[in-house]
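Single-structure report; data block below.
Predicted model, so just to flag it, every value in this text is computed and none were measured.
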Amino acid sequence: MSWLPLSFGAPMVLWGLLALPVIWWLLRLTPPKPQTEVFPPLKILARVLRREETPQQSPWWLTLLRLLMAALVVMALAEPVFNPRERLPAEGSALALVIDNSWASAADWGKRVATAERLIADAGSNGVPIVIAFTAEKPNAEIGPFDASAALDHLRAAKPRPVPTDRPAVYARVAAALERLPGASIAVLSDGLAAKGDDAAFKTLLEKNAKRLVWATSDRLSLTGLIGTDNQVDGFALTAIRAPGDPAPAQVTAGAFDDKGRRIADATLTFAPGEATATATMAVPFELRNDFASIALDGEHQAGAVRVLDESSKRRRVGLLSQTEADQAQPLLSPLYYIRRALQPFADLVEPSSADLADAIPQLLDQKPAMIIMADVGTIPEQVKQRLVDWVDKGGTLVRFAGPRLAAAGNDDDLLPVRLRSGERALGGALSWTTPQAVTEFPKNGPFADLSPPSEVTVSRQVLAEPTPDIVERTWATLADGTPLVTGMKKDKGTLVLFHVTPEATWSNLPISGTFVEMLRRVVQLSRNQGAAIANAEATAASLAPYRMIGADGMLTPPSPDSRPLVPGAGPLPVTLENPPGLYGSETGVFAHNLLDASSTFAPLVRPQVSLPVSAIPYAFDESENLKGPLVAVALLLMALDTLAVFWMGGLLARRPRRTAVATTAAVLVVLGGLIGHADLARADDSKPGDAQAIDDISKTRIAYVITGEPGVDSISRAGLEGLTRFLIEKTALEPGPPAGVDIAKDELSFFPLIYWPIDASAPMPSQAAIARIDAYMQQGGTVLFDTRDQFSNGIGAGSASPATERLRDILANLNVPPLEPVPSDHVLTKSFFILPEFPGRFSGSPLWVEASLDASNTENRPVRTGDGVSPIMITANDFAGAWAVDENGDPMLPTVPPDPMQRVYALRAGVNIMMYMLTGNYKSDQVHVPVLLERLGQ
């Protein structure tokens, strides 16, 4: 039975409330025992005849107390539930739970688990067996049937996997298990994404032995994924997808990260109404784009929103080929000398080991270059020519330089952008009427359009192009007389480029000019890497070991024990539990294996059309609360008050000595407190007033944090100090009490050795009185750790600063702040417990500022500088609490930046050093400890 947000599990018990009038009548007829008074003997003699008086009825307030206690007991026995949940359909001979734990379920996995727990609890109350299977686990995983307890254990041990679902195989196993349990209810907890083979899978699962279908799904498919990243000429192009048909526009921000996890570029992708695809370009310099190691979408905590990058997205590999090489004594005459010097800063150069073109060209193509440069190469052998043509057609860029061999070789329509006239043209020779020609303005349709023509460059010899209708659109650079200097054209997916002069300074002084470097740079940017570069040549055909994997939540993690080596192939490689998405290879070279490819789409999963009864339920947490315990606790409290009232009215408390009465009252209250605590009526908190709070604060060492009034900031502060407290108990002899939240305007601060103050610009500015109390606390020996949590913004120095840093400056302006300095390498903070060179938090890079040790010294053989006192102030921007914060299971709540597991360990060690420094001061500067410290340091 349910009344608005209140329901009763046994509503028939409420009929017991009708007995309250009877109880009231009985209580009025049975008053409490009258009080007995003992008089002195003379008093008795004075009143020989004494009339005994008995109350006519129970006092009204005692009757009301007992009626209320009876009503509470009746309501408790009726099992009341506040905000009751609807009982889920889990009837039948069994319950089959089929749960998608793919990458698409990672973002709201907690809701899915809570929904499955309710289904299991309802099935357990019905006493039916439970089959539980996950569609992204190994095919041989155990699926039951189990009882409710074992099913819960399997559910809580499961986690999202960074791989797609395998519904056909898993549904077939569940259908086979249900053959022995006909008439079962089947609950499908899907990730909302359609996959290949779904129709056949649902048919196999539901066509036999099914009594009811429970369909659980999210309200809408809100996933966003990255399907393409392309390092183009003018920027890094991104392509993202979402579910089709969404009428609302949407924006998502993508961030580019280097191999150390630092964010170095951003871009915003905008989805138009109803559109499922969005594109954007990170317009950053070419050199910076080569540092990209991964691209991730902000706010999307799943593997489809992350793409890792390998060498195919970075520096171009350029193959160099020449039929002649100059004498070693004259390197400037080498055809490739100036090309090497121009390309080395922004390209990886590869050269064949053989001078024979029949061997040299295949050697270069095996390296999968983005571009091949041929310096005066004439006729290409027929046995390798077709392979070179195919390489160009698939996206390769071939750059050729003229010379005597090319002029004599004649035309090659497949590997030249224009047809050439036979021979070469001399300008300004002894038998020529012409003079060397200068370079004019670069055509607007070419890649050199924004370059200024070099006034110092002249050309004395060249190979000429045949005049054709398309010669103008294929010309990228011209001489003053209108003849082409550089021509180029697109050929299928590739590009052909011809410099009509030699690459050494014999026909022109172009190779020794700065413009030559810029021209080659532009051509390199037009090229595209043809594949991942693995360090050792045999690795391209062999298996690659797992190096860094993408977790289901989108974080890069070390390989799991289930990961197996990856064998690169010609086509797209499937993502499986053995080959999850991530990087394969080693530090010398990696291969990117991403979850989504360019053809991926997000198609919503459609509920199968079946003749079975269907119950559709949403994913949600269980917010119901059983009121039986609190009601019993209140009834016990009233019972204790009734007992004390009866003692008082009977004179028991008055006859006994005061000490005995107090002891009796205390004993009753202690028992009552235990019962209330067991019933979970009230919870201890940091807001107990008066002496009790003071005793609690000084009974154990406690770390305090400033309550800013911002719920998100305060919850992270408390979770962070709880994580540090756990670490202190685990690693040191110190056993602190739970962290305390303090209001600096009202609470006593002297009970705490350290107060952590997260600076938030949106929090109210503390009053002058509150800041004065902080100033007095610091002057009396306490320390305040200010954390602006803005390491990626600005520091505390002069100049522009973040809002949090500006707020910190306003606070410090009203405090007596001593001179500050970053923690020196020989400061006691670096050695108070762990040996630490730096103090990272959730972020790494900001120094920890402490009071400057102006009068300290570091005499010989001392591990730390001498001097007394503890710094009253510390300042950081590394977000200590964010790195320390753990949830109720002890798992980290926030990722570190960069996502390095050791950074969190170092942050916790920094917290231990700070606490040891606060409690022990500069004791390690004592000469007595020097031999022991030196022995530990191995000196």
Side-chain angles (χ1 to χ4, degrees), residues 230 233 312 316-324 335-336 339 343 347-403 405-422 446-447 463 465-466 468-471 473-476 484 486-500 503 520 522-533 537 540-541 569-571:
D230 189 10
V233 177
S312 63
R316 307 293 193 262
R317 292 182 302 283
V318 178
L320 303 182
L321 186 63
S322 174
Q323 288 185 277
T324 62
L336 298 176
I339 296 176
L343 293 178
D348 294 330
L349 306 181
V350 293
E351 299 186 42
S353 58
S354 173
D356 186 359
L357 293 179
D359 296 329
I361 292 177
Q363 289 177 10
L364 286 181
L365 295 178
D366 289 341
Q367 296 291 322
K368 298 184 178 179
M371 184 169 81
I372 293 178
I373 297 179
M374 293 183 176
D376 190 21
V377 174
T379 303
I380 298 175
E382 288 296 330
Q383 62 268 32
V384 297
K385 180 178 178 180
Q386 187 57 45
R387 185 178 177 186
L388 184 60
V389 171
D390 294 341
W391 171 81
V392 173
D393 292 340
K394 292 178 180 179
T397 299
L398 178 63
V399 179
R400 303 185 68 173
F401 280 85
R405 287 182 175 82
L406 181 63
N411 284 293
D412 189 342
D413 294 335
D414 292 326
L415 296 175
L416 285 175
V418 294
R419 293 189 61 81
L420 301 178
R421 291 182 177 181
S422 60
V463 290
E466 290 282 357
T468 58
D470 55 3
I471 188 64
E473 63 185 45
R474 296 187 184 185
T475 299
W476 291 0
V486 182
T487 54
M489 64 168 286
K490 294 290 293 182
K491 185 177 187 298
D492 204 347
K493 296 181 180 180
T495 306
L496 295 175
V497 182
L498 173 63
F499 281 75
H500 291 246
L520 287 182
R522 301 301 171 87
V523 177
V524 168
Q525 291 182 356
L526 289 174
S527 64
R528 295 288 180 271
N529 279 341
Q530 303 301 299
T540 56

For this session: Could you please spell out the steps behind the side-chain contact (heavy atoms from CB on, under 4.5 Å) verdict for Leu357 and Leu321?
Result: CA-CA 9 Å; Leu357 293 179; Leu321 186 63; 3.8 Å; yes
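- Rounding to the nearest 0.5 Å gives a distance of 4.5 Å between CG of Leu388 and CE of Met374.
- Interatomic distance, CG of Leu420 versus CG of Asp412, reported as 9.5 Å (0.5 Å rounding).
- Heavy atoms only, all atoms of each residue included: Ala465 and His500 are closest at CB-CE1, 4.0 Å.
- Smallest separation of non-hydrogen atoms from Pro369 and Gly319: CB-N, 4.1 Å.
- Among Leu416, Val486, Leu415, the single residue meeting the side-chain contact (heavy atoms from CB on, under 4.5 Å) criterion with Leu498 is Leu416.
- In this structure, Gln363 contributes its side chain and Ser353 its backbone to a donor-acceptor pair below 3.5 Å.
- Here the NZ atom belonging to Lys493 is positioned 9.5 Å from the NZ atom belonging to Lys394, to the nearest 0.5 angstrom.
- Closest non-hydrogen pair, Met489 versus Pro417, comes out as SD-O, 3.4 Å.
- The CD1 atom of Ile380 sits 4.5 Å away from the CZ atom of Arg400 when rounded to the nearest 0.5 Å.
- Listed for the Arg474 side chain is no donor-acceptor partner under 3.5 Å among the backbone atoms of Lys490.
- Using a 4.5 Å heavy-atom cutoff, the side chains of Arg316 and Thr397 are not in contact.
- Results of the side-chain contact (heavy atoms from CB on, under 4.5 Å) test with Leu398 over Ile372, Ile373, Val389 single out Ile372 as the only residue that passes.
- With rounding to the nearest 0.5 angstrom, the CG atom of Leu349 is 12.0 Å from the CD atom of Gln367.
- Summarising the geometry of Pro503 relative to Phe401, their closest heavy-atom pair is CD-CB, 3.6 Å, with the distance given to 0.1 Å.
- The shortest heavy-atom contact between Ile361 and Val384 is CD1-CG2, 3.9 Å.
- A salt bridge does not link Asp413 with Lys491: none of the charged nitrogens is closer than 4.0 Å to a carboxylate oxygen.
- For the pair Pro484 and Val418, the minimum side-chain heavy-atom distance is 4.5 Å or more.
- For the residue pair Ser354 / Asp356, no side-chain donor-acceptor distance below 3.5 Å is found, with atom types taken as modelled.
- The two residues Leu406 and Val377 come nearest to each other via the heavy atoms CD1-O, 3.8 Å.
- Summarising the geometry, atom CG belonging to Asn411 is positioned 4.0 Å from atom CZ belonging to Arg419; distances are rounded to the nearest 0.5 Å.
- Proximity of a side-chain donor or acceptor of Asp376 to a complementary backbone N or O of Ser322 within less than 3.5 Å is not detected.
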